[in-house]
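Quick note: numbers below take in every heavy atom, side chains included, and nothing from hydrogens, waters or symmetry partners.
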Amino acid sequence: MLRGELDTMPLAEVLQWIDLSSRSGLLVLNREGHEVWMHVDGRLITAASPAPAGTDVIARLKPRAADEPWLELPDPLEAHERLLDLFLEDDGTFVFEPGVPDPEGAVQVEIPVRQLVHEGMRHRDEWPQVEAAYPDESAGLHIADAAAAAGVSGLGRILLRCAQRGLTLGQVRVSFALSRSAILRRVHDLVRLGALRVEGADAGADPVGQLTAQAMQLATAGQYDEARHVLETVLATDPSDARLRALLDDVSGRQLDELRQTFVSELTIYRISHAGRGGAAGLTATERELYERIEGGMAIGTLVLTSPLRELETLRTLEKMLHLDLIGLSAS
């Protein structure tokens, strides 16, 4: 088993080691709780983890044309783009387990390891230039030269059909639930080819921006759970989006500060013996485990320190229990 930190051993080096040794097995990468894996058979990547499940929050923002069959992205093509995204980040951990078969639900792909490394490093080198070239996701896609577009295949061909529909960069990203980097690198390839141009901006055609604005409005109104749900949903489509992650951290921090005002560390917490509004049946298994940890005369600070959940999730659960009349608070 090979295990390590990605900031000390770049992904490209991990894959090159696997390639040179012609090893077979499962490579699992974990970055801030987001897990991606790929199965390697000798020098060929044969399978990858499926994309995160979509949600109704994203589905509501899809443009009207999104129900057309040509906008359904083939799983292997989507997996290829997600694998390339991995080269843009250095942090996280990895584990390579030799001899492990591809897990159930794997997306079947066939990409030579050396080819993936070459593509990934090229896109990594070009990313700062590409990101700076397309700062506005409300900019529209337009066909520049039909002759240059004739031989384009894969995601590039689908993007050209998006251009024929007049979709914006943001609408395309939401339609496919791909990362911003995946969309922009393929758009940039088409622009260099002369097949596509990106121009204009429609203030109402940036669905990701609309969702982000809605989330921050919810946070301002004190609806932190709803705001976090929206931001987490959008972030699931692009875990590498540092701006969205910073906004999520900000909302989580605001919610934590407010909860700390109610659940002061020195206060004593105790369980109420009566059933309350439905009793503990209204709690999830993890929440019930926390409920069982509460003993008479227990300080909130002690519970937070011993809780299996993060502080924010612990205090959110206590807020729920308080609402259900399952717990009480006292100053001594």
| said: Looking at every non-hydrogen atom in both residues, tell me the closest pair between L86 and L11 and how far apart they are. | reply: CB-CD2, 3.5 Å
| R254 and D250: salt bridge (Lys or Arg N to Asp or Glu O under 4.0 Å), yes or no, with the steps? | CA-CA 6 Å; R254 288 196 232 172; D250 175 63; 3.0 Å; yes
| said: Can you tell whether the side chains of E313 and R310 come within less than 4.0 Å, N to carboxylate O? | reply: yes
| message | Between R186 and D189, does any side-chain N to carboxylate O distance fall below 4.0 Å? | response | yes
| Under the 6.0 Å and 45° cation-pi test, does R271 pair with Y291? | yes
| said: Show the nearest heavy-atom pair for residues V117 and A12, with the distance to one decimal. | reply: CG1-CB, 4.1 Å
| query | Do H39 side-chain atoms and V100 backbone N/O form a donor-acceptor pair below 3.5 Å? | reply | yes
| field | Shortest non-hydrogen contact from D225 toward Q255 | value | OD1-NE2, 2.9 Å
| Option among L329, L322, T302 that satisfies the side chain to side chain contact (heavy atoms under 4.5 Å, CB included) test with I269 | L329
| task | Could you tell me whether a side-chain N or O of R43 sits under 3.5 Å from a main-chain N or O of D19, the two making a donor and an acceptor? | result | yes
| field | Pairing residues for S49 by the side-chain hydrogen bond (donor to acceptor under 3.5 Å, both in side chains) criterion, not counting sequence neighbours | value | none
| message | Set out, in order, the CA-CA distance, both residues' side-chain angles and the distance that settles side chain to side chain contact (heavy atoms under 4.5 Å, CB included) for E232 and L248, then state yes or no. | response | CA-CA 7 Å; E232 287 170 352; L248 178 58; 3.8 Å; yes
| request: Please name the pair of heavy atoms, one in A79 and one in V109, separated by the smallest distance, quoted to 0.1 Å. | output: CB-CG1, 3.9 Å
| In chain order, what residues pass the side-chain hydrogen bond (donor to acceptor under 3.5 Å, both in side chains) check against R185, with sequence neighbours excluded? | E81, D85
| said: So that I can tick it off, tell me whether E292 and R288 are bridged by a salt bridge, with the cut-off set at under 4.0 angstrom between side-chain N and carboxylate O. | reply: no
| message | So, using side-chain contact (heavy atoms from CB on, under 4.5 Å) as the criterion, who are the partners of T286 when residues are at least two apart? | response | T284, L309
| field | Shortest non-hydrogen separation from R192 to E126 and the atoms involved | value | NH1-OE2, 3.2 Å
